[in-house]
Student: 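The structure under discussion is supplied below as structure tokens; questions concerning it will follow.
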Amino acid sequence: MKAGSNLEKVLEAGHFAVTGELGPPRGNNVEEVRHKAAHLKGIVESVNITDNQTAVVRMSSWAACKILLDEGLEPNFQMTVRDRNRIGLQSDLLGATALGIKNVLCLSGDHQRFGDHPEGKNVFDLDSMQWIALCKKMRDEKKFLNDKELDGAPEIFIGAASNPFGDPFSFRPMRLAKKVAAGTDFIQTQCIYNMDKFREFMKRVVDLGLHEKCYILGGVTPMKSVGMAKYMAKFVPGMDVPEEIVKRLTDAGKKNAAEEGIKIAIESIHQLKEMEGVAGVHVMAIEWEHRAKEIIEGAGLLPRPKVD
Amino acid sequence: MIVGDSKPLEEILEMIRDKGKVLVLGCRGCVTVCNVGGEKEVGILATALRIAVKKQGWQTEIGERTLERQCDPEYIEELADDIEDYDAVVSIACGVGPQFVSERFPEIRVYPGINTTFIGGALEHGVWVERCQSCGNCLVHHFGGLCPIARCSKSLMNGPCGGSANAKCEIDPNVDCVWHLIVEKMEKMGRLQELAEVWPVKNWLTSRDGGPRKRVREDLKQ
């Protein structure tokens, strides 16, 4: 055991794991975090807390993580390298783990031009790969980047993201291999809508043996509407939404589009469960936390296993 | 001008290991002015490499050439006549040079022979200093003609930090505190009051932070 987190235990025990996601509010509204957390309690192993996602300023991820801990949920602390240099990253990791946070997800982060402060400077002192390696070094060697000894090292389960749908496709498995070599313990993928392409990606990943070196959780996000599907298809970089998905939602009619979106998500989970190398699913019901249970239950994944 | 430093000979030697014929390629632009990448430096580096190669017992041949500029496809094109004879190019232009050469001749390995360091000027012969960070929104006229973005270690816009001592920066006693200079200059010009204004947060979109930059002049495009 590297961190002894619930997520790690469930994966180690060989169960098909489920993680959720929660976006902190655009303010210090604690009740909002508690409210969203309540919907996810008991239905997932742990919950990703986004770090100023899409470069829009929100309550800090570590603080929202702490609120979740207090509510009895396990958080996955997302950390982007966009806003913090090596000093800030290492310091925040120490602070977060001091508060009891055990899972960390190392990310590049969306460029600030996408967000609500596009005029800002960017940091990117480290890239996500280097941050994964540094997290591992801090945990395993108990040292800072500069090789100085830590007075108390973080015990963390290290995660990272992978987007099988980013270009160039041929490099994606190699980039995942680099993350594994850097020291990631688990991977959560970008939302999967193009299952054929993901299957091809996983085939290459399995050929490289990467699924035996880290746990890979497939990303699933339910479509709430035709508009959302069209928006994601057109405007979200690195997102692959096949026409077939848009058509299914359109054919369902405005009233039933959301139900159809949930149905598609459940079908996706069923397919992921059967796919070699996939160790679980990451259900990102963005601003739709109250519908997460329907999806997870619908996919036959409740109750969640208890591992001590 | 763009200022650079020569890479150590050992580093360049390692780059050209196992290469049969290598072209040392200079540029008559900025790097000639800052004495790091012009025709003269091409000769010096080529000679040094020939000696080093011989010492290693390699058969490497070293050629020499200097283009008018390496940041212009028109001059890069001149290489087309005999580039095929070479296994590698060591460009001693700024970082633009090796990229333009390898974009035009994708089949040849191109190595950078210098490290591009900053946009600056010469204080005296042999001494260059950084003066511009190419933030894309020049404000030097508000600061007595001195740039706090490029020359203050923290890019502060509203006066010296607490670490300014004896007109020097806290990071190094050899670095001037530009804010000390700005204050002195504005005082002398009777404009000190202008510095009382609080500068708002800067828009960094025009700088590198906003992503790689490109400039298109429709009136010049053909």
Side-chain angles (χ1 to χ4, degrees), chain A residues 26-27 51-60 79-92 107-131 144-146 148 161 163 166-168 170-171 174-175 234-239, chain B residues 95 99 102-103 106-107 109 115-119 130-140 142-143 146-163 169-172 175 178-179 197-216:
Chain A
R26 297 173 71 174
D51 180 10
N52 297 301
Q53 79 266 28
T54 63
V56 169
V57 183
R58 291 164 184 277
M59 180 193 291
S60 61
M79 294 186 83
T80 74
V81 297
R82 178 192 57 225
D83 310 319
R84 282 167 287 219
N85 69 4
R86 62 192 74 188
I87 299 171
L89 285 168
Q90 293 179 98
S91 167
D92 278 359
L107 306 166
S108 307
D110 295 314
H111 194 279
Q112 74 276 3
R113 283 189 77 149
F114 291 109
D116 60 353
H117 288 72
E119 306 87 357
K121 269 192 182 180
N122 61 17
V123 182
F124 297 109
D125 180 20
L126 275 64
D127 65 22
S128 58
M129 208 73 69
Q130 295 158 346
W131 179 223
F144 287 105
L145 178 63
N146 64 5
K148 295 272 189 295
N163 183 8
D167 289 324
S170 62
F171 191 71
M174 194 193 282
R175 187 162 153 86
K234 255 195 188 155
F235 300 113
V236 181
M239 189 73 74
Chain B
Q99 297 188 59
S102 53
E103 276 166 44
E107 64 289 343
R109 291 290 294 269
N115 295 319
T116 307
T117 44
F118 54 79
I119 301 176
E130 182 166 19
R131 282 289 185 268
C132 177
Q133 206 177 287
S134 64
C135 75
N137 183 13
C138 195
L139 301 169
V140 295
H142 294 291
F143 304 105
L146 299 133
C147 177
I149 304 299
R151 298 180 63 186
C152 166
S153 301
K154 298 174 183 171
S155 293
L156 301 181
M157 295 180 72
N158 288 290
C161 71
C169 174
E170 67 178 18
I171 66 154
D172 184 340
V175 174
V178 76
W179 267 104
E197 180 196 356
V198 175
W199 272 91
V201 172
K202 188 171 163 67
N203 178 347
W204 292 99
L205 265 175
T206 54
S207 192
R208 238 296 303 177
D209 303 280
R213 291 166 282 181
K214 182 176 184 176
R215 182 166 175 265
V216 180

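Sequence lines set the chain letters: A, B, ... in the order given, protein chains first and strands last, and positions in each chain run from 1.
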Student: Taking atom CZ of B/Arg131 as the centre, does the number of heavy atoms from other residues, nucleotides or ligands within less than 6.0 Å exceed 12?
Tutor: yes
Student: Is there any residue in residues 107-116 of chain A with a non-hydrogen atom under 4.5 Å from a non-hydrogen atom of chain B, and which ones are they?
Tutor: A/His111, A/Gln112, A/Arg113
Student: At their closest point, which heavy atom of A/Asn122 faces which heavy atom of B/Asp209, and how far apart are they?
Tutor: N-OD1, 2.9 Å
Student: Taking atom CG of B/Leu139 as the centre, report whether more than 12 heavy atoms of other residues, nucleotides or ligands fall under 6.0 Å from it.
Tutor: yes
Student: With sequence neighbours left out, write down each residue that passes side-chain contact (heavy atoms from CB on, under 4.5 Å) with A/Leu145, or none if nothing qualifies.
Tutor: A/Arg86, A/Gln90, A/Leu134
